[in-house]
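What follows is a short report on a single structure.
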There are 2 protein chains.
Amino acid sequence: MLDFSHLRCFSAVAEELHFGRAASRLNMTQPPLSRQIQVLERVLDVQLLDRTSRSVRLTAAGRSFLPEAQRILRLAETAAHVTRQVAAGKAGVLKLGFTAASAYDFLPRLVTACRAALPDVTLSLREMVTKDQVEELLAGRIDAALVRPPTTHPDLTAVRALAEPIVAAVPADHPLAGRERLALSDFQAEPFIAYAPHEARYFHDLVVGLLAEAGVQPNVLQQLTQIHSILALVRAGLGLALVPAAAERLRFEGVVFRPLVLAQPRPAELFLAWRRGDDDPLIGRLVAILAALPEG
Amino acid sequence: MLDFSHLRCFSAVAEELHFGRAASRLNMTQPPLSRQIQVLERVLDVQLLDRTSRSVRLTAAGRSFLPEAQRILRLAETAAHVTRQVAAGKAGVLKLGFTAASAYDFLPRLVTACRAALPDVTLSLREMVTKDQVEELLAGRIDAALVRPPTTHPDLTAVRALAEPIVAAVPADHPLAGRERLALSDFQAEPFIAYAPHEARYFHDLVVGLLAEAGVQPNVLQQLTQIHSILALVRAGLGLALVPAAAERLRFEGVVFRPLVLAQPRPAELFLAWRRGDDDPLIGRLVAILAALPEG
DNA sequence: CCCGATCGATGCGCGCCCGGCATCAATCCA
DNA sequence: TGGATTGATGCCGGGCGCGCATCGATCGGG
């Protein structure tokens with residue numbers, strides 16, 4: 001049966017065309033090297049080298065086998081190296097899910113930090129709502145997920161990746177646009193663009209909770225899922241909205257963002273979740289990168 | 001040091017996820033298989049498998065190593081197979097030189113026969129004059145050559161590949177075009193397109209010899225190297241020419257070819273030459289194919 | 001023309017390693 | 001809680017791969 005040592009021996013002899021030199025390169029003596037070559041030729045049932053007591057030459061078959069042998073040896077070395085890198089969490093592929101809103105500001109920062117710290121790691125990104133991410137995570141189709149609370153599934157572990165403020169989105173020509181900062185009470189009876197209760201459940205519940213807690217009842221005109229759609233309606237002057245601070249990165253002309261005075265300054269949370277007990281070392285690396293990420 | 005048996009063992013265990021079944025697949029018992037995996041993990045310094053007494057699972061490193069291991073094993077098998085094929089002369093690359101005129105009829109027939117008999121052999125073709133072919137052959141830059149005589153170099157062996165008639169090329173509107181067959185004496189004092197004495201030495205010497213032997217002196221107007229150039233001048237009505245029968249394959253409109261009555265019916269010879277003692281089995285295959293080729 | 005040097009092949013003996021058997025230890029199921 | 005399953009481990013025997021010594025072929029120099 002074919003063996004790496006045969007390939008190493010053949011490769012050395014074929015390169016040196018001299019058994020003695022090849023043997024010393026392989027840290028062995030000439031006799032066992034001669035035998036290794038004989039065994040290889042017997043295994044392949046092919047004469048690879050024409051040798052007399054004065055010269056060693058490759059046969060046509062040997063010439064064709066040499067690059068293959070070298071390639072296989074090289075592949076084995078790189079495979080070993082890559083595997084060590086993967087085990088150290090320094091190489092490999094991490095399939096990461098994320099919510100649409102996290103792509104506005106947080107995800108690019110995370111990806112940039114990963115590229116810098118782990119240049120040989122490939123992040124495979126997929127946008128999904130939190131519910132689908134949990135499903136895909138449990139099914140093993142993604143390895144980590146940027147999700148909204150709650151993150152209490154028994155088979156998942158999660159750490160908070162981000163807590164960000166909620167800001168008011170106001171049409172540029174609206175009276176409130178002139179104010180430095182707003183309070184929830186400013187929204188009383190104002191036309192309001194809200195989140196859809198199912199498709200954008202987290203922000204819907206968050207905003208509804210904040211308003212209810214403050215006893216404020218805006219005039220809800222529309223319920224939408226996507227933040228950029230909400231901002232488009234705000235720009236059109238249809239009403240005000242409450243959006244995560246990261247939405248400012250969308251740079252919507254005609255919409256101004258104003259800080260919102262809240263008891264809890266950063267109520268919008270994002271978590272990194274993964275399968276409990278997942279031994280992929282990339283998870284640990286990712287959590288470490290996350291912890292070192294400057295707060296945005 | 002990494003070893004094929006490690007890869008085979010790992011591959012089997014990773015596919016079966018069961019040491020006992022993997023062992024029986026490898027025709028061995030379970031204990032040495034466990035040890036092989038331990039050795040592999042020690043060599044790589046990486047844990048590839050998470051195993052308890054009830055379950056075997058791949059780690060992230062193992063998942064990345066498995067396809068590499070399988071690929072290396074597959075490569076080794078195909079390399080062995082290809083090498084056996086090369087040794088049998090059934091695969092590989094043969095660099096073949098040929099003269100321009102041999103490409104008119106003989107070379108395509110030879111290439112077709114090679115493709116049919118040796119589908120995994122690649123013929124790498126280069127057109128050169130005989131002198132250059134001998135040089136390239138000796139330098140090892142081509143492996144075989146279709147050359148014109150003489151083929152008496154001490155380091156080369158040659159067999160006759162072809163002996164073909166010489167035919168007369170006559171303008172369609174020339175009086176001689178009406179004749180069924182011609183003799184050399186018909187060329188006495190006729191305008192004649194001849195071969196260049198250096199660049200087309202073989203045909204030049206052949207034609208000069210034939211004419212001299214017959215005591216015929218045509219009126220040589222031009223000396224050219226390429227047969228298609230000669231035929232172009234014939235078509236233009238500038239004179240007659242003597243060309244190898246294969247030139248008929250060029251299907252030159254306005255030129256008719258007439259058999260030439262000669263003492264030696266097939267005086268134009270082509271030889272297959274190769275390095276004396278070249279052990280490339282493809283040479284032998286090629287010679288055999290040549291011998292089996294129907295005479296054209 | 002012969003002798004010595006070179007170099008791959010071979011005979012031989014030793015030691016290591018690999019494979020198999022028996023058994024242990026952990027885990028799961030009934 | 002006991003038996004079955006399964007991977008790990010202790011142990012032993014045989015084979016094989018290594019190195020040493022030597023052979024045989026070939027080439028070059030005197």
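Residue numbering restarts at 1 for every chain, and letters A, B, ... go by the order of the sequence lines.
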For A/Ser34 and A/Gln30, what are the C-alpha separation, side-chain angles and deciding distance, and is it a side chain to side chain donor-acceptor pair (under 3.5 Å)? CA-CA 6 Å; A/Ser34 286; A/Gln30 170 264 321; 3.0 Å; yes

Would you list the pairs meeting salt bridge (Lys or Arg N to Asp or Glu O under 4.0 Å) in which at least one residue belongs to [range], sequence neighbours left out?
range: residues 115-128 of chain B; value: B/Arg126-B/Glu136
range: residues 47-60 of chain B; value: B/Glu41-B/Arg51, B/Asp50-B/Arg57
range: residues 6-31 of chain B; value: B/Glu15-B/Arg25, B/Glu16-B/Arg21, B/Glu16-B/Arg25

Which residues pass the salt bridge (Lys or Arg N to Asp or Glu O under 4.0 Å) test with [X], sequence neighbours left out?
X: A/Asp45; result: none
X: A/Arg35; result: none
X: A/Glu269; result: A/Arg160

Got a salt bridge between A/Arg74 and A/Glu77, using NZ or NE/NH1/NH2 to carboxylate O under 4.0 Å? no

Within [range], residues whose heavy atoms come under 4.0 Å of DNA chain D:
range: residues 33-45 of chain B; answer: B/Ser34, B/Arg35, B/Gln38
range: residues 47-56 of chain B; answer: B/Arg51, B/Thr52, B/Ser53, B/Arg54, B/Val56
range: residues 4-27 of chain B; answer: B/His18, B/Phe19, B/Gly20

Which nucleotide span of DNA chain C, 5' end to 3' end, has atoms closer than 4.0 Å to non-hydrogen atoms of chain A? C/dT6 to C/dC12

First contact, last contact: which nucleotides of DNA chain D are these for chain A, 5' to 3', heavy-atom distance under 4.0 Å? D/dC18 to D/dC27

Using five pairs at each end of the helix from C/dC1-D/dG30 to C/dA30-D/dT1 to define an axis, what is the angle between those two axes, to 10°? 20°

Nearest heavy-atom contact between A/Ala145 and A/Gln133 is CB-OE1, 3.0 Å

